[in-house]
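The structure appears right after this line, and notes come after that.
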Number of protein chains: 2
Amino acid sequence: MTSSRRLLLEMLFDLSGHASAEDLATAVQSKAPDVNISTIYRNLEELERLGVVVHAHLGHGPATYHLACESHCHLVCEECGTIVDVPENLFQSLNRSATKRFGFVIDPQHFAVLGRCEACQKPE
Amino acid sequence: MTSSRRLLLEMLFDLSGHASAEDLATAVQSKAPDVNISTIYRNLEELERLGVVVHAHLGHGPATYHLACESHCHLVCEECGTIVDVPENLFQSLNRSATKRFGFVIDPQHFAVLGRCEACQKPE
DNA sequence: GTGCTTGCAAACGTTTTGCAGACTC
DNA sequence: GAGTCTGCAAAACGTTTGCAAGCAC
């Protein structure tokens, strides 16, 4: 357990939710300017292996990382990029039918659901 | 309408489903070696603008492109990478609850659902 | 001939890697 | 002192861009 790892964890608490590796690097660097982004990636990987941190793929942009204990899923607007955090139970019935029809167990924290947020509903 | 565009469309028919830009470039280049990958990207973008083609983000890897008329959604195994094509109606109830609870209309063709396929069910 | 399309090369943003030195225990 | 962790530089990957030459119409 090194100082950069400790700092990274602190920042994960602070910036809770939606932090990209870049965000985390900036945050960590505000307290320890010499911490390199590759260290951030390596530590995130390690923390993920330990089950402390999870990441999600949000469509185009970079992956976001958050603490595993702050478990939630993501809706991302493909128009304005807004991220809506939603509880895992929103996916219950999708999971049930995916399992029943395809034997596939979904991991809803690991991907983002793309679509349109309330404000961007197709205005054509 | 140029020859490289025509070829790209042909390849989209041939490789129907799950073709990355790279795959398509390789396929096109087998018939016309000088077509550059940037041309592939530009034509895919244009075809998408015209509504002929759609793309989906599959987690880590590159985006995949397919004809809009072959509409389907994707389950991707985070273990072995297998892609399972599924009909859009699998997402009906997720869409209903996302709309009702968050005013969010989902676009299920645009993202992949990550999880575990039948063969990779957590063996721990 | 006008204007869109192309190839090439170079850049981009995100993530990963190799290596030698520095740190933790 | 052994072994892990770090900074740095460079590469990898998928994708986008600027530009001048080439093509469709």
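Every chain is numbered from 1, with letters handed out A, B, ... down the list of sequences.
Separating the CG atom of A:Leu47 from the P atom of D:dT4 is a distance of 17 Å, rounded to the nearest angstrom. The CZ atom of A:Arg49 sits 14 Å away from the C1' atom of D:dC5 (whole-angstrom rounding). Put simply, CG on B:Asn43 is 15 Å from P on C:dC4, counting in whole angstrom units. Computed from coordinates, the A:Leu7 CG to D:dT6 P distance equals 11 Å when rounded to whole Å. Distance, A:Asp23 CG to C:dT15 P: 11 Å, rounded to whole Å. Atom CD1 in B:Ile40 sits roughly 15 Å away from atom P in C:dT5 (whole-Å rounding). For A:Leu44 and C:dT14, the CG to P distance is 15 Å, given to the nearest whole Å.
For the OP1/OP2 pair of D:dG7 and a distance below 4.0 Å, the side-chain nitrogens and oxygens of A:Thr39 include at least one atom meeting the criterion.
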For nucleotides 13-25 of chain D, 5' to 3', base contacts (B), sugar-phosphate-only contacts (S) and non-contacts (-) with protein non-hydrogen atoms under 4.0 Å give -SBBBB-----S-

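Residues that satisfy the ring-ring contact (aromatic ring centres under 6.0 Å, His included) test with A:Phe104, not counting sequence neighbours, are absent from this structure.
Ion pairing of A:Glu45 with A:Arg42 is absent here, as no side-chain N (NZ or NE/NH1/NH2) approaches a carboxylate O to less than 4.0 Å.
Between the side chain of B:Asn95 and the backbone N or O of B:Ile106, at least one donor-acceptor pair lies under 3.5 Å.
Hydrophobic cluster membership of B:Val54, counting Ile, Leu, Val, Met, Phe, Trp and Tyr whose side-chain heavy atoms lie under 4.5 Å apart directly or via other members: none, as it forms a cluster of its own.
Side-chain polar atoms of A:His18 and A:Asp23 form no donor-acceptor pair below 3.5 angstrom.
Ring planes of A:His55 and B:His60: perpendicular class, angle over 60° (limits at 30 and 60°).
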